[in-house]
Peer 1: 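My questions all concern the structure below.
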Amino acid sequence: QKEVEQNSGPLSVPEGAIASLNCTYSDRGSQSFFWYRQYSGKSPELIMSIYSNGDKEDGRFTAQLNKASQYVSLLIRDSQPSDSATYLCAVNMWARTYKYIFGTGTRLKVLA
Amino acid sequence: EAGVTQFPSHSVIEKGQTVTLRCDPISGHDNLYWYRRVMGKEIKFLLHFVKESKQDESGMPNNRFLAERTGGTYSTLKVQPAELEDSGVYFCASSQLSGTEAFFGQGTRLTVV
């Protein structure tokens, strides 16, 4: 079992719709969770962080964390073609090691 | 405020040669991380510095890789001698506190031929 799992996609949504991206992780000790956006040939760009259970909203983005079920999700409201990218989920355990463990990413396509 | 910067952006070297990658973290960020992404795979951890100390180097593939962070500022990652399987994109990231928001540089694309 991979430490951080994401559906590779592509996930296709029409412009203006809500895109829902999911991520599960295996280590119950994970403490901090991050979503990065990566355009082709570019570096990962941090878009959201979440540390406690529940929802965290920032503009069109909402991160949701459920530690009991070991999943974290990202909702993108009013999706735009410019949101088309690969979204990477990363977790950090804050114990023994502070390395960020990444999933393989979900490719999102927003159709105009 | 300047972000994380990496040099060079691209490097093509022959098998057996040496390459040194450089990373300048965001000013004031004590934590510096090196990651690597090979084609089709996820971003993989290499090592983590806190200031000038190696906190975790469990991801370093072998002793051909040497990372340093003299004075706790910029870091270098040397590959000597380079092998074909070392090709990939090497990313550096920095964070103010361990395990918090980390910001990535633009990466160095290394091609070993």
Side-chain angles (χ1 to χ4, degrees), chain A residues 1-10 23-27 29-52 56 58 61 63 65 67 72 74 85-107, chain B residues 1-10 21 23-26 29-51 53-60 67 88-109 111:
Chain A
Q1 182 190 10
K2 286 190 174 181
E3 293 178 277
V4 177
E5 296 213 52
Q6 296 181 255
N7 188 319
S8 61
C23 169
T24 58
Y25 58 94
S26 61
D27 197 314
S30 299
Q31 297 290 338
S32 56
F33 307 84
F34 307 89
W35 284 98
Y36 288 83
R37 176 174 63 197
Q38 187 173 26
Y39 294 109
S40 181
K42 302 294 185 183
S43 61
E45 174 193 6
L46 179 67
I47 53 173
M48 288 289 288
S49 63
I50 187 164
Y51 294 82
S52 53
K56 179 182 177 184
D58 184 0
F61 299 100
L65 174 62
K67 288 187 178 181
V72 57
L74 179 70
T86 296
Y87 289 80
L88 303 168
C89 172
V91 304
N92 196 301
M93 287 195 298
W94 286 14
R96 303 195 323 267
T97 177
Y98 286 87
K99 64 184 179 184
Y100 302 84
I101 302 171
F102 283 82
T104 53
T106 298
R107 195 153 63 94
Chain B
E1 179 185 290
V4 178
T5 54
Q6 293 186 243
F7 302 95
S9 55
H10 293 84
L21 314 180
C23 169
D24 286 74
I26 292 171
H29 282 196
D30 287 339
N31 294 270
L32 187 150
Y33 305 82
W34 282 99
Y35 280 81
R36 176 173 72 174
R37 187 168 203 168
V38 296
M39 188 72 74
K41 302 283 189 180
E42 67 268 30
I43 295 174
K44 286 281 198 183
F45 170 80
L46 295 178
L47 88 161
H48 170 207
F49 283 101
V50 178
K51 297 186 180 178
S53 299
K54 291 177 185 173
Q55 184 79 12
D56 181 353
E57 53 185 330
S58 61
M60 296 287 263
V89 182
Y90 289 76
F91 289 108
C92 174
S94 72
S95 67
Q96 193 163 30
L97 299 174
S98 298
T100 61
E101 288 78 4
F103 300 90
F104 278 73
Q106 80 279 17
T108 294
R109 181 174 296 277
T111 303

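Residue numbers begin at 1 in each chain, while the letters A, B, ... track the order of the sequences. Small disclaimer: the values here were computed from a predicted structure and weren't measured.
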Peer 1: Under a 4.5 Å cut-off applied to non-hydrogen side-chain atoms, are Phe104(B) and Leu46(A) in contact?
Peer 2: no
Peer 1: Which of the residues Glu42(B), Gln6(B), Gln106(B), Lys44(B) is involved in the greatest number of heavy-atom pairs with chain A at under 4.5 angstrom?
Peer 2: Glu42(B)
Peer 1: Looking only at heavy atoms, which two atoms of Gly105(B) and Ser43(A) are closest? And how far apart?
Peer 2: O-CB, 2.8 Å
Peer 1: Heavy-atom cut-off 4.5 Å, strictly under: side chain, backbone, both or neither for Lys99(A) against chain B?
Peer 2: both
Peer 1: How close do Thr104(A) and Arg37(B) get, counting heavy atoms only, and between which atoms?
Peer 2: O-NH2, 3.3 Å
Peer 1: Counting only heavy atoms not in Lys67(A), do more than 12 sit closer than 6.0 Å to its NZ atom?
Peer 2: yes
Peer 1: Kindly give the heavy-atom pair with the smallest separation between Asn92(A) and Gly99(B), and that separation in Å.
Peer 2: ND2-CA, 3.4 Å
Peer 1: Above 12 or not: heavy atoms from other molecules or residues under 6.0 Å from NZ of Lys41(B)?
Peer 2: no
Peer 1: Using heavy-atom distances under 4.5 Å, tell me whether Ser95(B) contacts chain A through its side chain, its backbone, both, or neither.
Peer 2: side chain
Peer 1: Counting only heavy atoms not in Glu101(B) (residues, nucleotides, ligands), do more than 12 fall under 6.0 Å from its CD?
Peer 2: yes
Peer 1: Given that the side chain runs from C-beta out, which part of Gln38(A) has a heavy atom under 4.5 Å from chain B: side chain, backbone, both or neither?
Peer 2: side chain
Peer 1: Take atom NZ in Lys56(A); do more than 12 heavy atoms of anything else shown fall under 6.0 Å from it?
Peer 2: yes
Peer 1: Would you find a donor on one side and an acceptor on the other, under 3.5 Å apart, between the side chain of Tyr35(B) and the backbone of Tyr100(A)?
Peer 2: yes
Peer 1: How long is the span from the NE2 atom in His48(B) to the OH atom in Tyr98(A), to the nearest 0.5 Å?
Peer 2: 9.0 Å
